There are 2 protein chains.
Amino acid sequence: MAKPTLNDVASAAGVSRATASRALSGYGRISPITVSAVKAAAEKIGYQPNAIAQSMRAGKTRTIGLVIITDFTNVFFNRATKGIVDTARAMGYQVLIFNTNEDVVLEREAIITLTQKRVDGLIVVPSTAEGHEHLISLTKSRTPLVIIDRVLPGVKATSITTDDASSCEAAVDSAVALGHRHLAFLVATPTVSGYQSDVPQLLNSAIESRVKGFLAGTQKQKKIRADWIFCDESPETALEAAAKLCDSPMRPSVIFTSNNDMAQAVLKVVAERDLIIGKDISLVTVDDSTWLEAIYPGITVIQRPVDELAQLAVTKLVAQMETSSKRVETILLPTKLVTRGSIADLS
Amino acid sequence: MAKPTLNDVASAAGVSRATASRALSGYGRISPITVSAVKAAAEKIGYQPNAIAQSMRAGKTRTIGLVIITDFTNVFFNRATKGIVDTARAMGYQVLIFNTNEDVVLEREAIITLTQKRVDGLIVVPSTAEGHEHLISLTKSRTPLVIIDRVLPGVKATSITTDDASSCEAAVDSAVALGHRHLAFLVATPTVSGYQSDVPQLLNSAIESRVKGFLAGTQKQKKIRADWIFCDESPETALEAAAKLCDSPMRPSVIFTSNNDMAQAVLKVVAERDLIIGKDISLVTVDDSTWLEAIYPGITVIQRPVDELAQLAVTKLVAQMETSSKRVETILLPTKLVTRGSIADLS
DNA sequence: ACGTTTTGCGAGAACGCTCTCGCAAAACGA
DNA sequence: TCGTTTTGCGAGAGCGTTCTCGCAAAACGT
């Protein structure tokens, strides 16, 4: 009842194992008659080649590892995952997924397991801004590696990120042009606990880029006030932080949030206070979602090219794997400010 | 520069390959001194066991295949994927993911590839309501298989689904109790193209269960009107169908949608017509999302126990794999109607 | 002190595949 | 016709493990 092997095919076809392999894999010298005989025999006994044995022989697995935060609430990583899985499949590769929940211990374990499973390459969203020895040792052992949504100065690997800074700056400009003079930034980052109004010393590059963009936007304007709140990623803290902004005697006229979870917290708090988005208070966030378009008013958003990023991650990785080139690229994809109805016109 | 093998460890430690294996894998008779010597040698040369070779030898891969619709807009499958990946990891298994986009051709290919990669078991969300020969042949070759979110009468495999019918019925009851007499059902199903008001002959079991629940709810009441619209899953059709409902001279007072995408279409159409959810028109949908709670008013929803389902899928599958029992179970998990503010009180 | 059991380890096979090598038979050339 | 090239195929090795078997040395029993 065991799965038929190449040996079974060979004896069914009355040839040697070598010939059977030649017939099925199409290499070497073999007569057309034998080929069809072997193929018929294989079909008949329901032969399925053992990819494990093939990998063993070839030293390649046609599998890539994905180490990511597959948080279901985060559109960006959901879409990226789907994009990576689909692109990989189209190129003949399968994807072994690990989810880290931004825990560097899980990340390290994931990478060890994937190395042991001998994946041909890895796509990683690193969870912390430091402590990347495990990634560095990957590059040292010449394992193809692509880092997405983060840039890690210490790691010599291709990284693909989005240019959040310029769109964030554009978002600030846009709000200021509409008459806003009191801006607030609600930024979620795993490196703080609770919330605080001063910039944490450690930010991952994606968040850092957004902060820089917002900052650049505010600093080039005169006479505007900018409040900052950095908070951890728990829904409770997000609500507290959003409430603090809304209940302040000096309520900002526009809130910029660094991700959809924060935007949701703002929406909730705003609704509880009977305020109307796009009228009493304005909102801009990062990463588009169908929800941001479905609700009323639509939320103005910084759209990031996630499908392109996913596709590029796979193609760059596969290029590395198949040519074993050591060329490291740092790719920055453009983002777009999509204007909907959530910024009030105060002018 | 090639990866060190067990042979390298053995010669570094001055023992045989067999002894090195014994020391690292902890079996057979071996002296404690040798064990630590071998471990030290392994550590020193940076040995990582080759899981491919282990799989080859053992005939097990400690990998499970997941064939699913990883549509980023669908909370249910996102959460299920995350739950499955995390539970599997905790149990020492890795997950190879395939996305079918509900295309049975891709599903078939995915299953062939996974069989060839010799996964120890499979979790599948079948894409069509018929044509499951590939799944049947899986069960015939005794590959452990768990089907989630669908029940396939022809396939002898464990299936885990949610009891959508009873909650859908409860949702209807709840609306009727609040004075609603004209109900509409907007149901997305891949088996129709465009939209139609009569029940299609072919529905997958998940959709069927919801339709049955809605029907049961309406049929036990007197003097109420129920409109049905079945439509494909494209955003455009969804909007058309939602518009048709809202623009009808006899506009229903409450709309039930079969998933979040349809709910979004309704929200959009309703907003365009300056109607207010929970006041001018009511809405209930299936599958909770943080958005349904964040927006105002919160949308009343039929919550399905997706984390439990994911966990159960993995544990049941692993149980099958590790005991090679052939026991087939059909598990139905309870759902919950979570009331928020989206059903107007007309009484 | 001698026989018996226990202990520790090495030799070698096996998992299923691919591919090199060599050999016989067929095809070719003059 | 005989020598040379080409063709088709089988034998066998090797990828990196695990594990059975057998053997020598150590430990034990009387």
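Quick caveat, the model's predicted, so the values are computed rather than measured.
Remark: B:T34 is in phosphate contact with C:dC9, judged by side-chain N or O atoms under 4.0 Å from OP1 or OP2. Contact between the side-chain N/O atoms of B:T19 and the OP1/OP2 oxygens of C:dG10 is found at a separation under 4.0 Å. Remark: A:S25 is in phosphate contact with C:dT18, judged by side-chain N or O atoms under 4.0 Å from OP1 or OP2. Within the structure, a side-chain polar atom (N or O) of B:S21 is placed less than 4.0 Å from OP1 or OP2 of D:dT18. Note on A:Y27: every side-chain N or O is 4.0 Å or more away from OP1 and OP2 of D:dC9. At the phosphate of C:dC9, neither OP1 nor OP2 sits under 4.0 Å from any side-chain N or O atom of B:S16.
What separates CD of A:Q116 from P of D:dG16 is a distance of 15 Å, to the nearest Å. One can place CG of A:L6 at 20 Å from P of D:dC15, the figure rounded to the nearest angstrom. Rounded to whole angstrom, the span from the CD atom of A:Q54 across to the P atom of C:dC17 amounts to 7 Å. Straight-line distance from the NZ atom of B:K117 to the P atom of C:dC17: 16 Å, rounded to whole Å. Nucleotide D:dC9 holds its C1' atom 13 Å from the CD1 atom of A:I33, rounded to whole Å. Here C:dG12 presents its C1' atom at 11 Å from CZ of B:R57, a figure rounded to the nearest Å. Look at CD1 on B:I52: it is 14 Å from P on C:dC17, rounded to the nearest Å. The interatomic distance linking B:L24 (CG) with D:dC19 (C1') rounds to 15 Å, in whole Å.
Between the side chains of A:K117 and B:S55, no donor N or O sits under 3.5 Å from an acceptor N or O. Donor-acceptor pairing under 3.5 Å is lacking for the side chains of B:D149 and B:T161.
The CD atom of A:Q54 sits 10.5 Å away from atom CZ of A:R62, with the distance rounded to the nearest 0.5 Å.
When the nucleotides D:dC23, C:dG10, D:dC9 are ranked by their closest atom to the side chain of B:R22, C:dG10 comes out on top. Relative to the side chain of B:M56, the nucleotides C:dG22, D:dT17, C:dG16 differ in distance, and C:dG16 lies closest.
Looking at which nucleotide of DNA chain C each of B:I30 and B:R17 is closest to, the 5′-most match is held by B:I30.
A:R79 has a carboxylate O that lies under 4.0 Å from a charged side-chain N of A:D307, or vice versa, which qualifies the two as a salt bridge.
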Check step by step if side-chain contact (heavy atoms from CB on, under 4.5 Å) holds for B:V318 and B:Y93. CA-CA 9 Å; B:V318 170; B:Y93 285 88; 4.0 Å; yes
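Side-chain atoms of B:R118 and base atoms of C:dG16 include no donor and acceptor less than 3.5 Å apart.
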